[in-house]
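One structure, as structure tokens, below. Some questions next.
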Amino acid sequence: MATIITDYRLNDILEFKKEHPCGSNKWKVIRTGVDMKLECVGCKRVVMIARVELNKKIKKIIREE
């Protein structure tokens with residue numbers, strides 16, 4: 001089984017495949033590790049999600065250089 005490990009950095013914006021109930025599908029990374037802490041760009045809701053689950057939900061990474 002191949003494991004996809006993506007390099008997530010603090011303050012990256014992740015675009016999800018599905019929308020959050022507030023209407024936004026963009027999330028900001030505020031903590032990395034085995035579990036990721038994300039903040040919704042639209043409503044500022046903070047959630048913790050396992051990295052394995054996160055890899056399935058992401059459409060693309062928007063990185064601020």
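Computed from a predicted model, the values in this text were never measured in an experiment.
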Task: Option passing side-chain contact (heavy atoms from CB on, under 4.5 Å) with V29 (candidates L38, N11, I61, L54) - done: L38
Open item on the list: Do I62 and D12 make a side-chain contact, defined as non-hydrogen atoms from C-beta onward lying under 4.5 Å apart?
Closed with: no
Open item on the list: Given 3.5 Å as the limit, does a donor-acceptor pair link the side chain of N55 with the main chain of V52, or not?
Closed with: no
Open item on the list: Working to the nearest 0.5 angstrom, can you tell me the gap between R63 CZ and I13 CD1?
Closed with: 11.5 Å
Task: NZ on K17 to NZ on K60, rounded to 0.5 Å - done: 14.0 Å
Open item on the list: Hydrophobic cluster membership, with links at side-chain heavy-atom distances under 4.5 Å among I/L/V/M/F/W/Y: are I58 and V47 in one?
Closed with: yes
Task: Selection residues 17-62 - residue pairs positive for ring pair (Phe, Tyr, Trp, His ring centres under 6.0 Å), sequence neighbours left out - done: F16-W27, H20-W27
Task: Derivation of the side-chain contact (heavy atoms from CB on, under 4.5 Å) call for I30 and L10 - done: CA-CA 6 Å; I30 55 176; L10 289 179; 5.6 Å; no
Open item on the list: Between C22 and C40, is there a side-chain heavy-atom distance shorter than 4.5 Å?
Closed with: yes
- [ ] Begin from the C-alpha positions of E39 and V41 and carry the test side-chain contact (heavy atoms from CB on, under 4.5 Å) through to its verdict.
- [x] CA-CA 6 Å; E39 178 183 63; V41 173; over 6 Å; no
- [ ] Show your working on salt bridge (Lys or Arg N to Asp or Glu O under 4.0 Å) between D35 and K37 and close with a plain yes or no.
- [x] CA-CA 7 Å; D35 292 328; K37 195 171 196 178; over 6 Å; no
TODO: Answer whether the closest heavy-atom distance between the side chains of L14 and M36 falls below 4.5 Å.
DONE: no
Task: Spacing of K28 atom NZ and K44 atom NZ [to the nearest 0.5 Å] - done: 7.0 Å
